[in-house]
Q: 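Here it is: the structure, laid out below.
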Amino acid sequence: MKNRRDTNKRSSEVIVRFPPSPTGNLHIGGARTALFNYLFAKKHGGKIYLRLEDTDRERSKPEFERNILDGLAWLDLAADTLPDGKELWRQSERADVYRTHLKKLVASGAAYLSQEKERERREVVRFKNPGSLITFHDIIRGPITFDTKELGDFVIAKSIEEPLYHLAVVIDDAALGITHVIRGEDHISNTPRQILLQRALGFAEPLYAHIPLILAPDRSKLSKRHGAVAVTEYREQGYLPEALVNYLALLGWNPGTDREIFSLDELAEQFDLKRVQRGGAIFNAEKLNWINKEWLRTLPPDVSERAVRSALATETPRIKEDVLARALPTILERIGKWGDVRALAEAGELDYLRAAPKVDPAHLPWKGEPIESTREHLAEAAGRLERVAGAFSKDAITLALMPYAEEKGKGNVLWPVRFALSGREKSPDPFTLAYILGKEETLRRLAAASNLLS
RNA sequence: GGCGCAUUCGUCUAGCGGCUAGGACACCACCCUCUCACGGUGGGAACACGGGUUCGAUUCCCGUAUGCGUCACCA
């Protein structure tokens, strides 16, 4: 039998699979299962196959399949090409194989056609359960024992033509030569059933590793009512795939060091099933945000600029190219993900980048400073900035303004200048603002503010 | 309810018989500072409980409690 794990020749080979059911979008938990399988395969130079478990024809939908494939591609979790040369393994295309095995099971007496009363169907295929004690060694949890008598003669197919989950899984795992089954802890109780089938079919038993579940803040199973669960929703919110992968890897696994920022390749290098946690882990968006921020900082400026620009694409009027380019570091400092750019814009915090602000003259003077001298400060600041000869850089601006500000009191000078440029009580510092806006626009706004005071 | 899995700061976690129980996120304070953000420094914060085993338990064993999973002609 070709799927036997030969103890000499192929003992070190690792073959894993990610088998989503296209009955829903790729969610965070499924993505992490895919990730752990991927990391394990890469770590050991093995293979990972993608298998669509679509035996339930009613619930399986093309749009879910699309969503799953999109999500995996976005996270950069590429599966290996299948032994038959295809990219995708669909259970719905393997009816003949399942039928053959089913007939064999029935012929040998390991399964039987069962007459049902008052059920959905009159006749189904049940597995004749020998009722033995099954123990398997979970890589993460150690030995787990079940008394399969409690399972009864479970149904393995709706009919000879319609296999159910456990049967299809066992047959496909054997056909693909799967060596390690890495899946969610909710599958622990499925394992004895599958081992029973493997034995009846004469298949080799893969090694099992059941990873902990991802939980909602209230420790219940993470679901739609807890907010975003689909991977594509995180993409839409403007998270970086590197960040989501990084965070997901750290949810339930750790490298044993204090390091927290890892690329996919670095994770693969470090990954070890032995360091996977046993208890469930709550999904914490704040930590994700922090990791995303760390990744944001690693981006080259042109990539960031493009992303910020596209986040602002629907905002009018458009921010001028050169202004946006200079404002980029300041914007990046204030966001955790691309979606925050929109939030910033909607809160009006970027208005001053587009056009001169409507300045409320009442807010122009710094604490108790008279209007007269405030106007003087604005005029003097404008004069000094106008005399800046070379590049209108942040350093040059600071050099031009600082001595005067220190002489008259920093707040007395810097507050009105900053307020004149931004029109806001909270904003970046005046030097940065002047640099972003450019000399001409800076002088124009200072003059405008000065006029408001006369 | 049966069966199974789990339980260290609010959260993610380090720890694999002897530690002032470490780190990160979040939070708080201070510093930086014209404001905000960034950054820096510091702080509060945990071994679920009860029995054992042991000279000594966060660590090993057994209970209890709690949480979660699963008991489909879904996967």
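In the text below, chain A, chain B and the rest are named by the order of the sequence lines, each starting its count at 1. Keep in mind that what you see is a predicted model, and the values were worked out from it rather than measured.
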Q: Applying the Watson-Crick and G-U wobble criteria at under 3.5 Å, what pairs with B:A14? Answer none if nothing qualifies.
A: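 Because no pair has both required distances under 3.5 Å, B:A14 counts as unpaired.
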Q: Using a cut-off of 4.0 Å on non-hydrogen atoms, how would the nucleic acid contact of A:F146 be classed: base, sugar-phosphate, or nothing?
A: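 Sugar-phosphate, no base atom in range.
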Q: Base, sugar-phosphate or nothing for A:G184? Non-hydrogen atoms, less than 4.0 Å.
A: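 The residue A:G184 makes no contact with any strand.
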Q: With rounding to whole Å, what would you report as the distance between B:C12 and B:A46 at their C1' atoms?
A: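 That atom pair is separated by 13 Å.
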Q: Find the partner of B:C36: check Watson-Crick (N1-N3 plus N6-O4 or O6-N4) and G-U wobble (N1-O2, O6-N3) distances, both under 3.5 Å, and reply none if neither fits.
A: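 Answer to the pairing question: none, since B:C36 forms no Watson-Crick or G-U pair.
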Q: Which parts of nucleotides 27-47 of chain B does protein reach within less than 4.0 Å, heavy atoms only, written one letter per nucleotide 5' to 3' as B for base, S for sugar-phosphate only and - for none?
A: -------BBBBSS--------
Q: Measure from CZ on A:R278 to C1' on B:C68 and round the result to the nearest Å.
A: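 Taking atom C1' of B:C68 as the reference, CZ of A:R278 is at 15 Å.
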Q: Could you check which nucleotide pairs with B:G69 in any of the strands shown, counting Watson-Crick or G-U wobble with both distances under 3.5 Å?
A: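 Pair assignment: B:G69 / B:C3.
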Q: Any donor-acceptor pair under 3.5 Å linking the side-chain atoms of A:D395 with those of A:S393?
A: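 Absent: no donor and acceptor within the cut-off.
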Q: Between the side chains of A:E260 and A:K287, is the shortest nitrogen-to-carboxylate-oxygen separation below 4.0 Å, so that they form an ion pair?
A: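 Looking at A:K287 and A:E260, the cut-off is met.
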Q: Taking any strand in view, what nucleotide pairs with B:C60 in a Watson-Crick or G-U wobble way, both distances under 3.5 Å?
A: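 For B:C60, the partner nucleotide comes out as B:G52, under the 3.5 Å rule.
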Q: Output the rounded distance in Å from CG (A:N254) to C1' (B:C25).
A: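 It works out to 15 Å between those atoms.
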Q: Examine A:F127 together with A:Y112 and report whether their ring centres are nearer than 6.0 Å.
A: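 Here the rings of A:Y112 and A:F127 have centres that are no less than 6.0 Å from each other.
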Q: Tell me the interatomic distance from A:W253, atom CH2, to B:A24, atom C1', rounded to whole angstroms.
A: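 Atom-to-atom, A:W253 to B:A24, this comes out as 14 Å.
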Q: Quick test of your reading: applying salt bridge (Lys or Arg N to Asp or Glu O under 4.0 Å), list the pairs with at least one residue in residues 183-197 of chain A, sequence neighbours left out, ordered by first then second residue.
A: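 Qualifying pairs, neighbours excluded: A:R141-A:E185.
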Q: NA contact type, A:L213, heavy-atom cut-off 4.0 Å: base, sugar-phosphate, or nothing?
A: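 It contacts sugar-phosphate atoms only.
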Q: For A:H180, run the ring pair (Phe, Tyr, Trp, His ring centres under 6.0 Å) check against A:F40, A:Y208, A:F18 and tell me which one passes.
A: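 Result for ring pair (Phe, Tyr, Trp, His ring centres under 6.0 Å) with A:H180: A:F40.
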Q: Less than 4.0 angstrom between a side-chain N/O of A:Q277 and OP1 or OP2 of B:A14, yes or no?
A: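 For B:A14, OP1 or OP2 has a side-chain N or O of A:Q277 closer than 4.0 Å.
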Q: Side-chain N or O of A:R219 versus OP1/OP2 of B:C12: is the shortest distance under 4.0 Å?
A: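 Answer is yes, contact under 4.0 Å.
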Q: For atom P, what is the distance between B:G40 and B:A26, given to the nearest Å?
A: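 Between the two P atoms, the distance is 12 Å.
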Q: Please tell me if A:N284 has a side-chain N or O lying less than 4.0 Å from either OP1 or OP2 of B:C25.
A: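 No, outside the criterion.
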Q: Is A:I144 touching bases, backbone alone, or none of the nucleic acid, heavy atoms closer than 4.0 Å?
A: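 It contacts sugar-phosphate atoms only.
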Q: Looking at CG of A:L39 and CG of A:L35, how far apart are the two atoms once the value is rounded to the nearest 0.5 Å?
A: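 Nearest 0.5 Å value for the CG-CG distance: 4.0 Å.
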Q: Apply side-chain hydrogen bond (donor to acceptor under 3.5 Å, both in side chains) to residues A:R17 and A:N37 and explain how you reach the verdict.
A: CA-CA 7 Å; A:R17 77 312 198 259; A:N37 273 284; over 6 Å; no
Q: According to the Watson-Crick and G-U wobble definitions, with both distances under 3.5 Å, which nucleotide is paired to B:A21?
A: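 When the pairing criteria are applied, nothing turns out to pair with B:A21, so the answer is none.
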Q: Classify every nucleotide of nucleotides 70-75 of chain B by which part a protein heavy atom approaches to under 4.0 Å, writing B for the base, S for the sugar-phosphate alone and - for neither, in 5'-to-3' order.
A: S--BBB
Q: Supply the atom-to-atom distance A:I282 CD1 to A:H226 NE2, rounded to the nearest 0.5 angstrom.
A: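 Between atom CD1 of A:I282 and atom NE2 of A:H226 there are 10.5 Å.
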Q: Does B:C47 have a Watson-Crick or wobble partner in any strand here, with both distances under 3.5 angstrom, and which is it?
A: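 Its partner: none found.
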Q: Could you walk me through whether A:Y49 and A:Y38 pass ring-ring contact (aromatic ring centres under 6.0 Å, His included), step by step?
A: CA-CA 9 Å; A:Y49 295 136; A:Y38 177 90; over 10 Å; no
Q: Is the distance between the ring centroids of A:F36 and A:W253 under 6.0 Å?
A: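 When the ring centroids of A:F36 and A:W253 are compared, they turn out to be at least 6.0 Å apart.
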Q: Categorize A:S159 for me: base, sugar-phosphate, or nothing, with a 4.0 angstrom heavy-atom threshold over every strand shown.
A: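 Counting heavy atoms under 4.0 Å across all strands, no contact is made by A:S159.
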